[in-house]
Amino acid sequence: MPKFRSIPLGRFGNVYVLTIICFAILTAMFMVGLIGAYISSLIIFLMVYIVLAISWSILSGYAGEFTFGHIGFFGVGGYTVALLSFHNIDIVIPFNILLGGCMAALFALIVAYPLLHIRGWYFALGTWAVAEIARTLILGFPAVTNAGAGIFVEHPYPPAFDYFGALILGFSAIIVFYKIINSRLGLAFVSVRDNYDAARMMGINTTLYRTIAFMIHAFLAGLAGGFFAQYKVFVDPYSAFEFSWIFKVIVMAVIGGASTFAGPIVGAVLVLIFEEIGKTFFMRGSLLLMAIMLVVVFRFMPEGIVGALSGRSSAPIFFKKIQRLLKRESS
Amino acid sequence: MSLLELRNVSKRFGGLTALRGVTLNIEKGGIIGLIGPNGSGKTTLFNVICGFYKPDAGEILFDGKRITSFTPTKICRMGIGRTFQIVKPFHSLTVMDNVMTPAIFSRRLGDQDLEAYCQNILKLTGLYKLSHVPAASLTLQNRKRLELARALAVNPKLLLLDEVLAGLTPAEIEEGLKIIREIAQRGVTVLMVEHVMKAVMSVSERVVVLHQGEVIADGTPKEVSQDKKVIEAYLGVGEYA
């Protein structure tokens, strides 16, 4: 299997080793008791953010289809877990969340047929409509879904369960993301993004690969949604399909660099930090902070922070300097 | 049996007839030039052959099989490679990956060592030293070479070249022609659209002339250049002048 060197990964050494080290450190810190309730909830949020940012980046950063409908699949995952609990269908914990992911992917497959016939902004608006359709369906069948009243999800597990569940979810998403972008699948995604007609003429079945990208993105979003519903113990059509989340996810991916490996992860960390700072000091000012950050990134680093650092954009002198330093170190 | 056969192919865009009953037979081997004034339907013909447009009438046969409404993907996998007049590189991939992509996805190379195969193509097209440069930073000449390299990487039986020499300097054209001859010698049939008349006439064994969507002449370069209809089409008579 050839190595596709050109798909930008950023300078992060051996990803598997790094992932395992991070996982081990976070586990050890929890075991020793260094991580209290607040920090652990932050890490759980971070992991959910990372999964969402990665899922958005696969479809929009790599396969090049900008989506607003992301949150629809998050909601489908969440509602799958909630409905299982609501109808007393007993499926043990990792499997109900996995089923959430699968249902989201299935939903994606169904809507892929009409959606993938359109491209660009029309596609983006179409995905938004799909998210709204999902929400409306849930509101429309109160007997099955309890409609606007929401559903309480049974959660008979200790807090450590949430914490480790989040870690496993987040880190496996990172590994899967890394695997995908370094495979032929990733190569096909980038080709379709870079030039649709050329990709078709080079033997790439563009419809197939766009469908695959769409389903992977839905699956990951569904997993995150399922996990989040389990963690939050409650879903309703408004919180599960909360539109401000999609804004946050796009900010994460774009700030970090949606077409880089480390981009969505860096973005998720930054957004979480900004959100917490905003909450602490300015009440609801976190959105304002994020907006400022977004404008700065758009102006100076159109390919995101990681994109600028790995030297693929017209980054300003400051970043060029950092870049040069990094290069010197690595050579 | 001919490699590519067009039977009465027509294509209309609204009120404009871009191709009017084009019938064309291309035998295996050699270089065939396709010329014609601007707007005569050359690129449309390529797009119809490659499946980007569906013809309104007529049939296209490749290797004896009907390919009339196939998708470009399927047509590529059957063995037609094509370059684009306006170059379309995968700009964020390196030159090597640009060539790797068709080599992998055309599925025409079987168990061969793809990397070695691609390196060969890059050597042939003179891009080997630039293997690890992102396509976005190539010059126009090298982008045109990359177009050619990518079309070759599908291991085609028939290669459609859409103005690969346009916009190049005379020295670069000379180099380009050398590469094209080399490709033809390796047994690939080449059908090239070209505006650089000297280049087409010197390299091709047969020249087909399109004018307003119709084939008006077909023969050796010498025959074609003396054809009255061709001269009229290029220089114009009466109302066209």
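Proteins get letters first, then strands, A, B, ... in listed order; numbering begins at 1 in each. Only this structure's heavy atoms are used, side chains among them; waters, hydrogens and symmetry mates stay out.
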Heavy-atom side-chain proximity of A/Asp197 to B/Phe52 below 4.5 angstrom: yes

Within 6.0 angstrom of B/Arg12 CZ, more than 12 heavy atoms from elsewhere: no

Pair B/Ser92-A/Asp194, side-chain donor/acceptor within less than 3.5 Å: yes

Which atom of B/Lys88 lies closest to which atom of A/Ala198, heavy atoms considered: O-CB, 3.5 Å

Between CE on residue A/Met201 and SG on residue B/Cys50, distance to nearest 0.5 Å: 4.0 Å

Spatial distance of atom CG (B/Asn98) from atom OG (A/Ser191) [nearest 0.5 Å]: 7.5 Å

Nearest atoms (heavy-atom pairs only) where B/Cys76 meets A/Gly203: SG-N, 3.3 Å

Nearest-0.5 Å distance that lies between atom CG in B/Leu93 and atom CG in A/Leu187: 5.5 Å

Heavy-atom neighbours of B/Lys54 NZ exceed 12 at 6.0 Å: no

A/Arg184 side chain reached by B/Phe105 side chain, heavy atoms, under 4.5 Å: yes

Residue A/Tyr16 excluded, over 12 heavy atoms near OH under 6.0 Å: yes

Residue A/Tyr209 versus chain B: region with a heavy atom under 4.5 Å: side chain

Nearest heavy-atom neighbours spanning A/Ile204 and B/Thr101: CD1-CG2, 3.4 Å

Side chain / backbone / both / neither for B/Arg77 at chain A, heavy atoms under 4.5 Å: side chain

